[in-house]
Structure formats: structure tokens, C-alpha cells
Amino acid sequence: MKKSHKVKVFTGIRPSGDLTVANYLGAIEPILKLLEEGVEPMVFVADLHALTDKEPSLAKKYIHEVVADYLALGLDPERTTIFVQSVIGPQLFTLMSYLARHISVAELLRVPTLKDKLKNNAREETANSLLFLYPVLMASDILMQRAEQVPVGEDQVAHLEVTRLLAKRFNDKYGNVFPIPKAYQVKSLRILSLKGEGKMSKSVPEGAIFLTDDIESAVKKVKGAVTAIEGKMTDGLESNIVLAKGLCKSEEDRTRIDTIIAEHMAGEKVMGEFKKVLAKVVSEFLTDFQEHRKIVVQTPGLIHSVLNKGARIAVENANETMALVEKVMFK
Ligand code: TRP
């Protein structure tokens, strides 16, 4: 049998445009940390998952964009396997169907992410049923690569529970095929809108800094950020401190932020100073990112060759897993 490519750490990213600095700190930086620690992760672009709420052509449009963003943010393609989910679409949907036999309709309806969606922004009558199967497709992603660890934010923990449950039930019935993947809980950073209310997100663009923002408009948004009355800490200010320190590239700026906040808590009027530092670190971060991104997209064939290498590994693993699965199921 072919030797499989071992996957220790595995994660998926959504192909949506307009990443914000909050996406960077919450989802991308943790992967960069793993790389620093010597772990070589496998990362895939979840274009099939995107079909739950996007037209196929739109999901496709963002694939190369999001890969360019990740490379520009520092994901080292030499040490990371990056692939596009749909290169193993047939294998994934087949495995999804086999796995779906091991979970009931009632259990899937209890998955909190689905319950929330149906309560807030989708209706049972109109939501497409791929939404219902989302956790089983995610389990299929993870189990296909027989991954050991999956870094997830808080919102994905329930999906990982479904994955573990399905792996256990499958193994109990057919023998040990799947390692039981562990959630590798990433500390959730709750970055609020610069306006202090709600999460930083695309839906409130005045409070969100996008990686593609020009420096001038980013600085303008920072100037409009919430601060707090001298001596007081608020959720909004706290979040802006996390943001400033997260994006900061020098120890000096970090110390400067700590000093300003200590002065603020002691009752001094220094919020103007704080915004100046925030504007500086945001500008430096964006400039750096945008320069790198230009190099990435101008390097001929870079994204293609990264994705080709990733596809080869993902396909080999998928074929091997499907052969194993079908051998035990249909023997
Ligand atoms: N559901 C994840 C999200 O919305 C993306 C995702 C799909 C994923 N499949 C995965 C993450 C497998 C980790 C492992 O962010």
C-alpha cells in the first residue's frame, strides 16, 4: 500500500473575500504560531462548504484570493500543505453519505450552530438542506485526511464533537479506521467593532479594518474608534487594546501601549495618544501585508504550484481512506 501523508494538524478556511484584521488575529495567527513551533499543518479552502450560502461561481472566485491572502500573511508554503476542498469533492461527498448513516436527524437538529442559524438568519422552510449536513461534511473533511488535531475557535467546537462521535461510531461498527481527532482549542479573541458594539465584521464596515483598506481610510476608522472615560475600562477599549497589541510588530510599541493604558487607568487624559499608536500599528500592518500580497500575486505560477502540490497529497490521502472505508464496509 502507498505510504500515507500523515496529518497532525488540519484546518479549513472559508473562501470569502474581505478578511478583516480580526480574522487575521483569530484564525490565521494561530496557524502561524503552529508553524513557528515546528508543526507543519494541512490547510484547505472550504469551497464546498461555501455552497451552503453562496453561488458556486462566487465561491470559486475567492479561492485564489484567499490563498494569496494567507501566503501574504506569512503561511509558508514550503511547510504547509494547502489544497482546495473540491479537488476531492467526489470522495468527500461519498464519505459524507456513509457517515450520515451514523447520526440521526434529531441529533443533527440539535447541533447548536444549526439551531442558531435557524433562529437568527435562516428559516427551515427556505434554508437549503446542505446547511443541515454541514457538520457531517466537516467530519468528512477531517476524517478523510485522518487528521489528529484540529485547531478550532469556539464556534466550531460543536462540529468537532460531531466529528468525534461519527469517528467513534464508525470505528465501533467496522473496526479502527479513523483516529479520533482532538479539538485544539484556540483561545477565542473577541475583537469588537471599533465602534465597541458587536463583533468586528463585514456587516459594519465603519467599525472593521479590512486587509485591503487603504491606509488613509483605515486611519480614519481608527480615529472614530471608541475610547473610554479616564480611569475606566470598557469592553470596547479592551478590544482595541487587544487589537493594537496583536498587530504590533515591535516590543517598543507594545510597551508604549502598556504605559498609555496604565496612565489612562490612573486617570490621565491619554486616549488621543492611544489612538495615535493604534493608527501607527494598523498602518504598518496593512502596508506590510499589502506589499507582500503584491509580490505573491505577481510571482508567476506561485499559487498554482502551491495548490497543485497540496492537491496531490490530499488526493492520495483521500483515495487511501476511501479504499480502507469501503473495504471494511462492503466486505
Ligand atoms: N466550518 C469551518 C468554519 O466555518 C470551516 C471548516 C470546514 C473546517 N471544514 C473544516 C475547519 C474542517 C476545520 C476542519 O470556519
Side-chain angles (χ1 to χ4, degrees), residues 7-20 22-31 34 39 41-54 59 62-63 66-67 69-70 75 80-89 91-93 95-96 99-100 108 111-117 120-122 127-128 130-167 178-191 199-202 310 313-314 317-318 321:
V7 179
K8 210 169 148 52
V9 174
F10 179 74
T11 193
I13 54 182
R14 279 180 270 197
S16 58
D18 310 337
L19 291 180
T20 66
N23 297 134
Y24 165 73
L25 291 178
I28 302 158
E29 218 206 6
I31 306 179
L34 284 172
V39 179
M42 181 183 235
V43 176
F44 77 100
V45 183
D47 60 335
L48 299 175
H49 280 272
L51 298 179
T52 49
D53 57 6
K54 276 197 187 71
Y62 285 124
I63 293 172
V66 80
V67 174
D69 288 341
Y70 272 64
L75 201 68
T80 316
T81 300
I82 309 176
F83 72 98
V84 178
Q85 189 183 23
S86 53
V87 301
I88 49 168
Q91 294 93 324
L92 286 171
F93 283 124
L95 182 59
M96 179 181 86
L99 293 172
L108 283 180
V111 174
T113 41
L114 179 62
K115 276 171 58 180
D116 281 356
K117 269 246 158 77
N120 299 321
N121 42 25
N128 72 59
L130 192 56
L131 190 64
F132 177 71
L133 284 169
Y134 191 107
V136 189
L137 182 57
M138 179 156 161
S140 168
D141 294 324
I142 298 167
L143 300 180
M144 187 69 81
Q145 302 301 329
R146 280 173 285 146
E148 293 171 17
Q149 287 177 32
V150 183
V152 281
E154 229 168 344
D155 62 326
Q156 298 295 318
V157 172
H159 292 159
L160 213 81
E161 281 312 310
V162 172
T163 306
R164 291 165 55 86
L165 180 87
L166 285 170
F178 300 117
I180 310 298
K182 287 199 181 64
Y184 170 106
Q185 173 101 40
V186 176
K187 202 171 98 247
S188 270
L189 286 179
R190 219 174 108 75
I191 307 279
K199 278 204 324 198
M200 179 179 288
S201 84
K202 279 185 228 176
I313 294 173
N317 275 355
T321 301

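Only a predicted model underlies this, so the values are computations on that prediction, with no experimental measurement involved. Numbers for residues simply follow the sequence, beginning at 1. Order of appearance sets the numbers: ligands from 1, and atoms from 1 within every ligand.
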Exceeds 12 heavy-atom contacts within 6.0 angstrom, atom NZ of Lys199: no

The closest protein heavy-atom partner of atom 11 (C) of ligand 1 is Gly12 N, 3.3 Å

Proximity to ligand 1 by part of Val150, non-hydrogen separation under 4.0 Å: side chain

I'd like to know if the side chain of Thr81 and the backbone of Met42 have a donor-acceptor N/O pair within less than 3.5 Å. no

Looking at Lys202, I want to see if its NZ is surrounded by more than 12 non-hydrogen atoms of other residues, nucleotides or ligands under 6.0 Å. yes

Does Asp141, backbone or side chain, put an N or O under 3.5 Å from an N or O of ligand 1? yes

Check the angle between the aromatic planes of Phe44 and Phe10 and answer parallel, tilted or perpendicular using the 30° and 60° thresholds. parallel

Note: ligand 1 atoms sitting under 4.0 Å from heavy atoms of Gln156 are 1 (N), 2 (C), 3 (C), 4 (O), 15 (O)

With backbone taken as N, CA, C and O and side chain as the heavy atoms from C-beta onward, which portion of Ile13 lies under 4.0 Å from ligand 1: side chain, backbone, both, or neither? neither

Within the 4.5 Å heavy-atom criterion, are Gln149 and Val39 side-chain neighbours or not? no

